[in-house]
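Comments concern the structure below.
Order of appearance sets the numbers: ligands from 1, and atoms from 1 within every ligand.
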Amino acid sequence: MTRKILLLPGDGIGTEVCREARKIIDWLNNNRNTGFVLDEALLGGAAYDAHGTPFPKETLEKAIKSDAILLGAVGGPKWEGLDYSARPERGLLGIRKELELFANLRPAIVFDELADASTLKREIVAGLDILIVRELTGDLYFGTPRGVETLPDGTRRGVNTLVYTSPEVQRIARVAFDLAKKRGGKLCSVDKANVLEATEMWRQEVQKIGDEEYPEIELSHMYVDNAAMQLVRNPKQFDVMVTTNVFGDILSDCAAMLTGSLGMLPSASLGAKDTGKCNALYEPVHGSAPDIAGKDIANPIATILSLVMMLRYSFSLMAEADMVETAIKSVLAKDLRTADIMQPGMKKLGCSEMGDAIMKELDSAKAAGVKVA
Ligand SMILES: NC(=O)c1ccc[n+]([C@@H]2O[C@H](COP(=O)([O-])OP(=O)(O)OC[C@H]3O[C@@H](n4cnc5c(N)ncnc54)[C@H](O)[C@@H]3O)[C@@H](O)[C@H]2O)c1
């Protein structure tokens, strides 16, 4: 059986962290007979440099043919002066749109070993396990009209449009309810229904789906400003949160800091299941980190955890997913850290050293014949 994975390393540290994930994929092929077939393509700034567009046709074609995609990150100062349509981030938005990846899953889990790395107190974050489900193809990032115009009096007017349709809200709500069902049975929908009509409609549609299809799920609603506050005050009150594209973008970065570092946060973006094939793209939450790119000091764990999500959601390789996750925990338990999660008295590793340390744990587990659940 072959499983086609497309690698899109992108820009900056994207290429560095993907290289480490690739080592794990090769290890799984060699030791677990997983049959992954890897292909690679350009996206973002690297694609713009080579083809004059951040999202080349060849990349889309390869993406459509693949079973799952692993992306590093795109962007960087080099491309900041370009027109918006040519910027690396448009490549990312483009692939999400083309593959209809409307559901972005962002877990925020605090590993016991890292509870002290958070800027919040240990008792607030220890044992945290929440999942933010962010709608990914609507809202201000895609709504029209958009742009900046110069008015007759010489002043400028910038416009973006917050738009959602009820089917768009219903499909993301169902994804979130289904996930809540498999987890703690609680869903909090986040909006700004008191001032934004589009999100008042969001609230009504989520409530309707809850009442009609998921009466067993404990549904609550929260304004986004309160949700931001509650996330740092008492994050463990949440199980699954579902929200719009823009609010999800901000809240998930906020949740990121609960876990200690952006370098620890994976994500999955999933398409509709009813098309016969579920498109899926896995990527770390962080960006291309131009400040540390090229130095081999980035934390590859968010990308490797994204690969773990791929093993679970796209390939149902639960034992292999558990193996890689356990290897990461073992490395952390041995006090090995990349710079972003470094603590006094621990040993600092570079990006490739961290990848190698995880591989070493996988080798040791195999040699010891460790059984996986
Ligand atoms: N999904 C994506 O591809 C994505 C997401 C966010 C930002 N971006 C792009 O990335 C570029 C930089 O954006 P930014 O600086 O706002 O966000 P960023 O996530 O790249 O970096 C924010 C901070 O976190 C650190 N950091 C991020 N990932 C890390 C890792 N794996 N290990 C250690 N430290 C890490 C960085 O060094 C930086 O100090 C911009 O061009 C932006 O548009 C891309």
Checklist entry - Can you tell if the side chain of Leu219 reaches within under 4.5 Å of the side chain of Phe177, non-hydrogen atoms only? => result yes
Next on the checklist: Is atom 10 (O) of ligand 1 near the protein, in the sense that some protein heavy atom lies at less than 4.0 Å from it?
Outcome noted: yes
Item to check | Exercise check, heavy-atom protein proximity under 4.0 Å to atom 14 (P) of ligand 1 | outcome: no
Checklist outcome for this item: The protein heavy atom nearest to atom 24 (O) of ligand 1 is Leu262 CD1, 3.8 Å
Item to check | Heavy-atom nearest neighbour in the protein, as seen from atom 5 (C) of ligand 1, with distance rounded to 0.1 Å | outcome: Gly287 CA, 3.5 Å
Checklist outcome for this item: The answer for which part of Asn299 has a heavy atom under 4.0 Å from ligand 1 is both
Checklist entry - With a 4.0 Å heavy-atom cut-off (strictly under), which part of Thr338 contacts ligand 1: side chain, backbone, both or neither? => result neither
Item to check | Within reach of ligand 1, part of Glu80 (heavy-atom separation under 4.0 Å) | outcome: neither
Next on the checklist: I need the contact type for Asp291 against ligand 1. Using non-hydrogen atoms and a strict under-4.0 Å cut-off, is it side chain, backbone, both or neither?
Outcome noted: side chain
Item to check | Val17, Asp340, Ile13: member with heavy atom nearest to atom 29 (C) of ligand 1 | outcome: Ile13
Next on the checklist: Please work out, at 4.0 Å between heavy atoms, whether the side chain, the backbone, both, or neither of Pro290 comes within that distance of ligand 1.
Outcome noted: side chain
Next on the checklist: Under a plain distance cut-off of 3.5 Å, with no hydrogens placed, do Asp296 and Ser352 share a side-chain donor-acceptor pair?
Outcome noted: yes
